[in-house]
Every structure is written in C-alpha cells, then in structure tokens.
*Asks:* 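Pasting a structure here, questions to come.
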Amino acid sequence: MLEIKKRDGLGRICLLETAHGEIETPALAPVVNPNRMTIPPREMKDKFGVSLIITNAYIIRGSPDLRSRAKEEGLHSLLDFDGPIMTDSGTFQSHVYGEVDVENLEIVQFQQSIGSDFSTILDIFSEPDEPRPDAQAAVEKTLQRAKEARESHPDAPLIGPIQGSTYPDLREMCAGEISSMGFAIHAIGGVVPLMESYRYSDLVDVVIHSKMRLDPSIPVHLFGAGHPMMFSLAAAMGCDLFDSSSYAKFAAKGRMLFPDGTRRVDDLVYNMCCCPVCSSIDLEELKQSPPRIAEHNLHICQAEILNVKQAISEGSLLELVEKRSRAHPYLSDAVRRLYSHGSFLERCENTSKEGGFFLTGRSSLLRPAAERLRDRVMTNYSLPACDAVVRLPEAPRPFFRHFSSLIRKIAERTRVAVIVSSVLGPVPIELDEIYPVAQAVVPAVIQEESRDLMEEWMQRFLLFHDAPPSYVVEDEDSMDLIPSSSGPLSSIDRDTERIRRVADYQFGIGAGDALTDGEVRTVKSKRTGKIRNVFLNDGHVLSMRAHDGFFTLKLGGARILHRTFGPPKMRVIVNADASEFVREGRNVFAKFVVECDEGLRPGDEVLVVDQEDALLAVARALMNREEMLAFQRGIASRVREGLSGTSSQ
Ligand code: GUN
Ligand code: ZN
C-alpha cells in the first residue's frame, strides 16, 4: 500500500509497505547481478542507503547452484539483503536473445517460491517504432499473461508491466487494463532503447500516456532508468521507482555518472567529486579501479534521489528538472514535451507553493502553474464593466504597488480594467498578489525573449473577454492616448474589488459576489498594508494568506459558498463512518471519500459534506479527485474547522 507524504505535481514522496519493511519513494533499486556483485547488497544498504534492490530471477533459475541455494535458503539470504527485493522475469533476455526456456506462470511461481517481494510477469518487450500490429500483438499477449498470473496468484504482490511501443493509444489501453487487475506495482516497460538513444521526448510521451490510465495509488516503476541526470524528470512524470545497472555497467567502461552527465574517468584532470569514494582516493588510483567507480556511481545516484526528494518537499521539482535538462540537449526537448501535457499535469499541480517561482528559461513559462494562471484568468475572471483596457508592462512585484500612482491617475479619467502583460501571461491588477504572479522571479532576458508569447496570450485574453479597446500604457505620457469617459465614473472600492476577483479566481465565478454581498470590512496588516481578514456583515468569512495571496476559507465563508454553489462544486463527500469525526475537526482520510468535485486540485479550499450535502467542515485538499477516490491510505483533505467547533490544527 502506498501513502503520499509530500507531493509536487505528479512527483511525490510516498511510503510503500513491503513484506520486508516500509520504504520511502522515490527510490532507486540497483540491479544486483547474482553472478557478479560489484557492490555487495549488504554494503549497498549500510553504506549507500539503498532501501530496495532488484535482481533477475531468470538468471538465478538458470544457474543450478544459485537456483538450489535460492530454493533452500531464500532470495534474501542468497543475496544477503534484508530489505525488499524485486525480481525480474527474463523478459529482457527473451527480447535480446529471441526466446527464453521458461513459461510465464513458471517464472512467476519461481519468483514467489524464493521469497521475492515483488515478482514480475513475463511480459513481451516491444521496441520503439515497432510495426503497429506487432506492438499490438505484444500488448495483447502481455495482458493475457498478466491475467493468468493474477488468477493463479491472486494475493501475490506482482509487478504488471505496461508495453505498447511508442503508440500512445496502445500505452493507454495497456495501462488501463493492467490497472484494473490488482497489481502491487505498475512498471513501464520497453523504454530502455529510448533511454539508450537519448529519445527522452518519446520517453515522456510513453510515460505520460501510461500514467493517464494508471490508478494513482499504485506505485509506478520505470524499467531501466539509471542515469542520475534523468531521475528528476522521471519523478516529475510520476515514477516512484527506478532500477538500473548503469552504476556498474558504466563503471566497467571507466565512465563516471554525474547529475549533469557522464565523464570518462581517464579525462579527469582534477578529482572534482566530493563523494565518499572520490574524497578518499587518489585520482590515479580511481582510474585503475572500476569497482571504486561503481561505488562513486551509486553514491551519485543515491545523492540525486535525495536531491529529487528535497525538491519535492520544497515544491521546486520542476526547477530541478529544468536545471538537469541542461545536461543533455534532448533533455531540454523532453521538458518541452512534458509541459505539452499541461492539462494532465495541471490536475496534480498544487494551487500554491511556499517558495519563489524561479524562471530559468523560456520553458519555465510553460510550467503547469503558469498554464493554469493563463487558463483561470479566462474561466475564473470576468472583466469589469469598463470603457477601455489598460495594458501595463512587466514590472517589479507587487504590480499594484509599483503602478499605484499611474493607476490612480488613469482611474480619474475613465473607467478601465487594468491588466499587466506579465511574462506569465495577462494579470488583472487585482490578482497581482496571488501565486505564482507575485512569487515569480523574472530575469530580463526571458522578458525580452518572450514578447511574442506575451502578446499572443494578451490577444487571446482580450478576445475571450470581448474587451473594449485596449491601450498600452508605459508611463504618464502614454496615458493621454486613452479617451476620457463621457459618463460619470463609478467609485469602486479597490479592496472589495480585489476580494471579489481573488475569490472568483480561487473558487469560481460567483464566489466573489456572494462573499461581498453585504457590508464588507477588512483588517489589514499594519506592516504591509495588505488585506488580512475579511468580514461580511460582521462575520469572519475569509483570511488572506500573506505568502500566496489566496484566501483561507472560514466557516462563515464556507457556509456562504455552500449555499451559493450546488454540489458537487468545491465538495469532498465523505461516508457516514467519517462524518462525525470530520464535524469534530478531524482530517479527511482518503478511504472515507465517496465523491468529490472533479475541479479540485491539491491545495484548494474545500467544503467537506456528508452524503446528504450537509456541511461538516472546511478543509484544504491534498489530492485531486482521482487520488481521493483511489487511495486507501493517507489524508485527502486537512480539516481546518469542523462544524462542531474543534479543529485539528
Ligand atoms: N527490463 C527492462 N525493460 C523491461 C521490460 O520492458 N520488462 C521487463 N520485465 N523487464 C525489463
Ligand atoms: Zn565520486
């Protein structure tokens, strides 16, 4: 069983329960060749922090000595490793050598009999670009074998591989079928040739199309992903486990792995690595010792896994992916390809993050958080009644403070909507404090290189909102271009306007009107002047968070939105077993969720209700709908206030 501890988009840190203890993912399972243990598994665990290994049951079975020892003493004793061990089936050998002398059920049975923690069926490996009929036949045979293995071992923790070559629909079909069969791990297979030939963009398509149809509560393994420069990419695509023999294979050829690429040890002029091996050995000695290079490689792989986890914890995984993509030109293409799946990625993307939003290249503008901003300023924003749209240029944040005197002067002349043409897309001035607008750190070079995109996004925005004439205003001089209004100017209250716009953006159109329908009073920060609390007819309805500019919903506000929006909007529906607990302020565990709004995203404010739509609590979602419905472990929504008064925070 899998439980999410932390997440950043599709990337996640999870606890995975195994028969040999709980492990934390993402995890790298080094391949152990039972005939040639470059690094003894026990050392992998003690010195390298390896929590999981993978070995090949087909090789063990094929060697009389290993086979009888495995049968007698078990796999864990044979390899001298007391953590979880995954086993592979001989699929790869079958693919390379044309056939293997074992049947599917036989090799699954063998893996079980020697005590494998996760046994792989004998899937059919498809090459990239294989003729479609062949790929389809391979998928069908794989599915048939998956089914027979599940039927003959209904309770065994088996690994179900996804094949389908480079055909997105075959990958989706295979993933959907495998996902319904009750496997303990889903593995994406047939991708080694893609990685060996640096076809990372194609790898992205294969993995994402598989992920689209996989149950999110089952861990995903990526077969053969072993280079540390791509771990962050794999994690960002939602892969939880990787395996590879690269650490040993590269070492045998005198190649050292680094997160920014591979180097030949013979080319090293300086001993520039500070891993435990390199810092305790002379460079000349290292050059003569492939086993020490293998140790270096494993240290680097493990360190990069930690790097990936740290990035997930901080919410900076995509920043790390973009940074690592500089290691190989085709990785940069892969990042673009990843972002082209924006609507899928967006479903898992947190609505806000603690840290900054660092733009490190033009690709950064295509991150799901930025795509969401560009979408929501259309769907979740309505242009106020106005005679003109004023377009302001990119500027230091927050935009309103930067432009306040200019905006005031413009507002004296005419009724306008003020939109900043930011690098992330058009930003209505009232939304200048929300994530990621206010958090974006924008280098001048990206601004210059992205004018075409900014213009395109602005045109799309204006068209969508059927906007009146727009004027580009850079300073007070260019302000004169805007015609003065003939009629009277309405005196809008800027605070109320900001509350309305942010509420609409965050909760959906209509929320802003409902939450300001009456006498609105705000409490502001003395230090920053920003809105902190919002009262409606003296009831506390909203608090505005300083770090991301979004609202925290108070019970009073939750009641209003519950009345305003019919179900399932904003709802997380829990079953009768959980309702009393939730009403008392306890968290919503995923296993109690029976339905939920499909528009909810991790980080969203939610209304927790029972099956009769009675409001129980206000909470913050940690998962989207698919996840809340799939997971059997972990918190789906963190409750802030329950209706019967207590709170779990
Ligand atoms: N090892 C590398 N690729 C694969 C694959 O597609 N299937 C299996 N079972 N093992 C692999
Ligand atoms: Zn080193």
Side-chain angles (χ1 to χ4, degrees), residues 29 31 33 47-48 54-59 86-96 100 102 104 107-108 111 116 118-128 130 135 138-139 141-142 145-146 149 158-166 171 174-175 178 183 185-196 203 206-207 210 220-226 228 239 241-247 249-251 255-260 262-263 265 268 270-283 285-287 289 291-304:
V31 173
N33 180 339
K47 290 199 193 154
F48 296 82
I54 183 166
T55 192
N56 196 310
Y58 178 72
I59 293 177
M86 306 165 78
T87 46
D88 203 351
S89 54
T91 293
F92 204 57
Q93 285 70 16
S94 166
H95 176 64
V96 175
V100 286
V102 69
N104 178 40
I107 193 71
V108 170
Q111 294 173 73
S116 166
F118 298 104
S119 313
T120 310
I121 67 157
L122 192 65
D123 50 319
I124 309 291
F125 191 107
S126 287
E127 282 281 328
E130 203 169 86
V139 166
K141 196 151 185 187
T142 295
R145 290 181 174 185
L158 302 185
I159 300 177
I162 320 299
Q163 296 289 346
S165 181
T166 32
R171 287 280 174 181
C174 189
I178 288 285
F183 282 98
I185 293 177
H186 297 145
I188 296 170
V191 289
V192 169
L194 291 177
M195 292 185 278
E196 282 177 349
L203 176 71
V206 161
V207 175
S210 305
V220 174
H221 180 83
L222 188 59
F223 267 128
C239 299
L241 302 167
F242 324 106
D243 75 86
S244 176
S245 51
S246 303
Y247 72 99
K249 280 197 183 145
F250 278 68
R255 286 172 197 272
M256 297 174 77
L257 302 176
F258 292 97
D260 62 355
T262 311
R263 288 192 179 83
V265 67
L268 281 200
Y270 299 98
N271 187 352
M272 33 57 94
C273 177
C274 55
C275 84
V277 172
C278 298
S279 49
S280 65
I281 194 174
D282 185 79
L283 185 56
E285 205 183 321
L286 184 68
K287 288 182 179 177
S289 175
R292 304 311 305 273
I293 299 173
E295 291 176 15
H296 155 92
N297 287 346
L298 191 55
H299 275 302
I300 295 298
C301 288
Q302 289 294 98
E304 181 62 2

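This structure is a prediction, so every number in the text was calculated from the model and none was measured. Just so you know, ligand 1 is whichever comes first in the structure, and atom 1 is the first atom listed for that ligand.
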*Asks:* Closest non-hydrogen protein atom to atom 10 (N) of ligand 1, residue and atom name please, with distance?
*Replies:*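 Atom 10 (N) of ligand 1 sits closest to the protein heavy atom D88 OD2, 2.6 Å.
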*Asks:* Which ligand 1 atoms does G190 reach within 4.0 Å, using its non-hydrogen atoms?
*Replies:* 5 (C), 6 (O)
*Asks:* With atoms numbered from 1 as shown, which atoms in ligand 1 lie under 4.0 angstrom from a non-hydrogen atom of G189?
*Replies:* 5 (C), 6 (O)
*Asks:* Please report which non-hydrogen protein atom sits nearest to atom 3 (N) of ligand 1, along with the residue it belongs to and the distance in Å to one decimal place.
*Replies:*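 Sorting protein heavy atoms by distance from atom 3 (N) of ligand 1 puts F125 CE1, 3.4 Å first.
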*Asks:* What about the rings of F242 and H221, do their centers lie closer together than 6.0 Å?
*Replies:*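 Ring-ring flag for F242/H221: false, centres at least 6.0 Å apart.
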*Asks:* Could you grab the distance from atom CG of D123 to atom OG1 of T91, nearest 0.5 Å is fine?
*Replies:*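 Here the rounded value is 3.5 Å.
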*Asks:* Listing by chain and number, which protein N, O or S atoms are under 2.8 Å from the Zn ion (ligand 2)?
*Replies:* C273 SG, C275 SG, C278 SG, H296 ND1
*Asks:* Measuring only between side-chain heavy atoms, which start at C-beta, is V207 closer than 4.5 Å to L203?
*Replies:* yes
*Asks:* Any heavy atom of Q163 closer to ligand 1 than 4.0 angstrom?
*Replies:* yes
*Asks:* Give the intermediate values and the outcome of side-chain contact (heavy atoms from CB on, under 4.5 Å) for residues L268 and L283.
*Replies:* CA-CA 8 Å; L268 281 200; L283 185 56; 3.9 Å; yes
*Asks:* Determine whether F223 and D243 make a side-chain contact, defined as any pair of heavy atoms from C-beta on separated by less than 4.5 Å.
*Replies:* yes
*Asks:* Flag the pair S246 / N297 as yes when at least one side-chain heavy-atom distance between them is below 4.5 Å, and no otherwise.
*Replies:* no
*Asks:* Looking only at protein heavy atoms, identify the closest one to atom 7 (N) of ligand 1 and say how far it is in Å.
*Replies:* D123 OD2, 2.9 Å
*Asks:* One pair to check against side chain to side chain donor-acceptor pair (under 3.5 Å): T87 and S116. What are the steps and the verdict?
*Replies:* CA-CA 6 Å; T87 46; S116 166; 2.7 Å; yes
*Asks:* Enumerate the atoms of ligand 1 whose separation from the nearest heavy atom of T120 is less than 4.0 angstrom.
*Replies:*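 Atoms satisfying the 4.0 Å criterion: 9 (N).
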*Asks:* Indicate yes or no: at least one non-hydrogen side-chain atom of I300 is less than 4.5 angstrom from one of C273.
*Replies:*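 When only atoms from C-beta onward are counted, C273 and I300 do touch, with a gap below 4.5 Å.
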*Asks:* For the ring pair F258 and H296, is the centre-to-centre distance below 6.0 Å?
*Replies:* yes
